[in-house]
Visitor: 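Shown below is the structure under consideration.
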Amino acid sequence: MKTSWRSASLVVSAVAVLALTTACGQETAPPASSQNVGATAAAGDYGSAGTGLGNGSGFDAGAAGQESSATQAATAGELSVATSQELGKVLTDSAGLTLYRFDKDTADPAKSNCDGDCAKKWPPVPADDATAGAGIDKALLGSVTRADGTKQLTVDGWPAYRFAKDLNAGDVNGQGVGGTWYALAPDGKKAGGGAGGEAGAADLPGLSTRKDPKLGEIVIDKNGMTVYRFMKDTQWPMSTKCTGDCLEKWPVVAPVDAEDTEGIDLQGSTPNRGYVVFDRPDGIKQQSIDCVPIYTFAGDKKPGDTNGQGVGGTWFAVRPDGKPVGASEQ
């Protein structure tokens, strides 16, 4: 079914996007001094809404500037299986730190696409001394040679990482970050089936909807994660107030072909011009619905979470027509 959604000609899609990108007006880049004005505080205000974040959110003020042992660890040691109340069975190193996989990597062939600054936030797990503990199939453990020549541990082909904001054994602060990072299960899959994992989300289109028991019909991404809008963004002309550090907490939804949607209003307030790609001033391309830029929330750890709803009084889940759930448009 997914293949049929994506069977439309890429050339036709590219032409359509080109024709639509000017429909919502253009934004001029704000001066450096104004970056994140009014956005960062709201984006980081985890305590104002949502549930289940607590000290495990990975963005505690007390943890700011701290560096976990993950960034310094030189070895992996004997790997173990830990049980997370939230995620089920999770793979850890000998120090009890959670191991992660990156959706932009590949497992066949094994290849890491996290280097430079990425590798500082997500330190690769060395392969040299990694061994399989109880409950782990040693045949699944391997290695991949990174661009710098070092050997990185792989689990069923997936390169393994730690997260610099995991400060203690058992932390899973990296789960769901950017919609691309997920804790590793002992078999190399995403722990708990993970968003976009092997537990059915693979059949979802790029954008679709689900019926939430509290919020009603809301938009979700290809991983089943709730989609949000920021009330300090503007629609006409389309502009954003979420830049810089804000994007770590509220990752943009990347462009999704119109053929890869289900239940989304592609017309918008102006017929045939509601579903466009936003060329942000920071160079990132972001999907919009009815000229409203859309995001996911790093505090949502699994499909069905709506922890971003109402954060800071400015972040709200999105209806299929781009309108905010539970907030009047400003």
Side-chain angles (χ1 to χ4, degrees), residues 2-3 6 70-71 73-84 87-164 166 172-204 206 221-225 251 254 301-303:
K2 193 171 185 178
T3 302
R6 292 179 175 165
T71 62
T75 64
E78 184 178 74
L79 305 184
S80 301
V81 179
T83 301
S84 163
L87 302 174
K89 294 186 181 300
V90 172
L91 195 62
T92 70
D93 65 9
S94 58
L97 292 171
T98 302
L99 304 189
Y100 297 89
R101 52 179 274 182
F102 185 33
D103 276 356
K104 294 184 180 180
D105 287 349
T106 58
D108 187 17
K111 185 179 187 301
S112 168
N113 288 306
C114 179
D115 296 296
D117 289 342
C118 174
K120 293 178 182 178
K121 293 180 180 179
W122 301 91
V125 178
D128 295 340
D129 74 329
T131 59
I136 301 169
D137 183 355
K138 65 180 181 180
L140 295 179
L141 304 186
S143 66
V144 62
T145 301
R146 296 177 52 80
D148 60 7
T150 60
K151 297 285 188 181
Q152 180 177 1
L153 174 68
T154 60
V155 183
D156 196 25
W158 287 100
Y161 305 81
R162 302 180 180 98
F163 183 42
D166 280 350
V172 288
N173 298 319
Q175 176 70 8
V177 168
T180 54
W181 291 93
Y182 298 98
L184 270 165
D187 58 1
K189 293 180 172 59
K190 298 176 185 179
E198 293 75 9
D203 292 331
L204 290 175
D221 71 0
K222 65 181 180 180
N223 299 319
M225 305 302 286
K301 301 302 183 182
K302 62 184 183 301

Visitor: Show your working on side chain to side chain contact (heavy atoms under 4.5 Å, CB included) between L153 and L79 and close with a plain yes or no.
Guide: CA-CA 11 Å; L153 174 68; L79 305 184; 3.8 Å; yes
Visitor: Is it true that K190 and D103 have a side-chain N and a carboxylate O under 4.0 angstrom from each other?
Guide: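 So K190 pairs with D103 through a salt bridge.
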Visitor: Which residues pass the side-chain hydrogen bond (donor to acceptor under 3.5 Å, both in side chains) test with D105, not counting sequence neighbours?
Guide: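 Checked D105 against side-chain hydrogen bond (donor to acceptor under 3.5 Å, both in side chains); matches are Y161.
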Visitor: Less than 4.5 Å apart, any side-chain heavy atom of R162 and any of V125?
Guide: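 The answer is yes; the side chains approach within 4.5 Å.
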Visitor: What heavy-atom pair brings A119 and P124 nearest, and what distance separates the two atoms?
Guide: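 Shortest heavy-atom separation between A119 and P124 comes out as O-CD, 3.9 Å.
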Visitor: Does anything in residues 103-146 pair up under ring pair (Phe, Tyr, Trp, His ring centres under 6.0 Å), and if so which pairs, sequence neighbours excluded?
Guide: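 Passing the test, one end in residues 103-146: Y100-W122, W122-F163, W122-W181.
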Visitor: Give every residue pair that meets the disulfide bond (SG atoms under 2.5 Å apart) criterion with at least one member in residues 120-152, sequence neighbours excluded.
Guide: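 For residues 120-152, and leaving out neighbouring residues, there are no disulfide bond (SG atoms under 2.5 Å apart) pairs at all.
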Visitor: How long is the span from the CZ atom in F102 to the OG atom in S112, to the nearest 0.5 Å?
Guide: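 Separation between the atoms: 8.0 Å.
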Visitor: Using the test side-chain hydrogen bond (donor to acceptor under 3.5 Å, both in side chains), find all partners of D115 that sit at least two apart in sequence or belong to another chain.
Guide: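 Scan of D115 (side-chain hydrogen bond (donor to acceptor under 3.5 Å, both in side chains), adjacent residues dropped) gives R146.
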Visitor: Stepwise, does the side chain to side chain contact (heavy atoms under 4.5 Å, CB included) test hold for T83 with V90?
Guide: CA-CA 6 Å; T83 301; V90 172; over 6 Å; no
Visitor: Measure the spacing between OG1 of T98 and CG of L87 and express it to the nearest 0.5 Å.
Guide: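 If I round to the nearest 0.5 Å, the distance is 8.5 Å.
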Visitor: Write down the atom of G135, the atom of P186, and the distance for their closest heavy-atom approach.
Guide: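 Nearest heavy atoms, G135 then P186: O-CB, 4.1 Å.
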Visitor: For S94, check side-chain hydrogen bond (donor to acceptor under 3.5 Å, both in side chains) against everything at least two apart and list the hits.
Guide: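 Per chain and number, S94 pairs via side-chain hydrogen bond (donor to acceptor under 3.5 Å, both in side chains) with no residue.
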Visitor: Using the test side chain to side chain contact (heavy atoms under 4.5 Å, CB included), find all partners of K151 that sit at least two apart in sequence or belong to another chain.
Guide: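 Expected list: A127, D128, S143, T145.
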Visitor: How close do Q152 and P159 get, counting heavy atoms only, and between which atoms?
Guide: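 Closest approach of Q152 to P159: NE2-CB, 3.5 Å.
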Visitor: Could you give the distance from OG1 (T106) to NZ (K111), rounded to the nearest 0.5 Å?
Guide: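 If we round to the nearest 0.5 Å, T106:OG1 and K111:NZ are 7.0 Å apart.
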Visitor: Among pairs that include at least one residue of residues 125-148, which meet ring pair (Phe, Tyr, Trp, His ring centres under 6.0 Å), considering only residues two or more places apart or in two chains?
Guide: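 Sorted result for residues 125-148: empty, none.
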Visitor: Is D156 reaching over with its side chain to a backbone N or O of L140, donor-acceptor style, under 3.5 angstrom?
Guide: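 The answer is no, because no donor-acceptor pair under 3.5 Å joins these two groups.
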Visitor: Working to the nearest 0.5 Å, report the span between CG of L204 and CG of D221.
Guide: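 Taking CG in L204 and CG in D221, the distance rounds to 8.5 Å.
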Visitor: Could you tell me which residues satisfy side-chain hydrogen bond (donor to acceptor under 3.5 Å, both in side chains) with D148, sequence neighbours excluded, listed by chain and number?
Guide: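 For D148, the residues satisfying side-chain hydrogen bond (donor to acceptor under 3.5 Å, both in side chains) (neighbours in sequence not counted) are T150.
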Visitor: Would you compute the distance between atom OG1 of T154 and atom CG of L184 and round it to the nearest 0.5 angstrom?
Guide: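 If I round to the nearest 0.5 Å, the distance is 10.0 Å.
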Visitor: Output all residues satisfying salt bridge (charged side-chain N to carboxylate O under 4.0 Å, His left out) with D117, sequence neighbours left out; order by chain, then residue number.
Guide: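 Checked D117 against salt bridge (charged side-chain N to carboxylate O under 4.0 Å, His left out); matches are K120.
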Visitor: Would you indicate whether the side-chain heavy atoms of Y182 and N223 approach each other to under 4.5 Å?
Guide: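 Contact flag for N223/Y182 side chains = yes.
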Visitor: Is there a donor-acceptor pair closer than 3.5 Å between any side-chain N or O of D166 and the backbone N or O of L97?
Guide: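 No: the side chain of D166 does not pair with the backbone of L97.
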Visitor: Would you check if I136 and V155 make a side-chain contact, meaning some heavy-atom pair closer than 4.5 Å?
Guide: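 No, side chains not in contact.
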Visitor: Determine yes or no for a side-chain-to-main-chain donor-acceptor pair under 3.5 angstrom, with K89 supplying the side chain and A185 the backbone.
Guide: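 Side chain of K89 to backbone of A185, a donor-acceptor pair under 3.5 Å: no, none is there.
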Visitor: Are C114 and K104 packed together at the side-chain level, in the sense that at least one heavy-atom pair is separated by less than 4.5 angstrom?
Guide: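 No, side chains not in contact.
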Visitor: Applying side chain to side chain contact (heavy atoms under 4.5 Å, CB included), can you list everything that pairs with S80, at least two apart in sequence or on another chain?
Guide: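 Only T92 meet the side chain to side chain contact (heavy atoms under 4.5 Å, CB included) criterion with S80.
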Visitor: Say you draw a straight line from CD of E78 to CG of D129; how long is it, rounded to the nearest 0.5 Å?
Guide: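 CG of D129 is found 10.5 Å from CD of E78.
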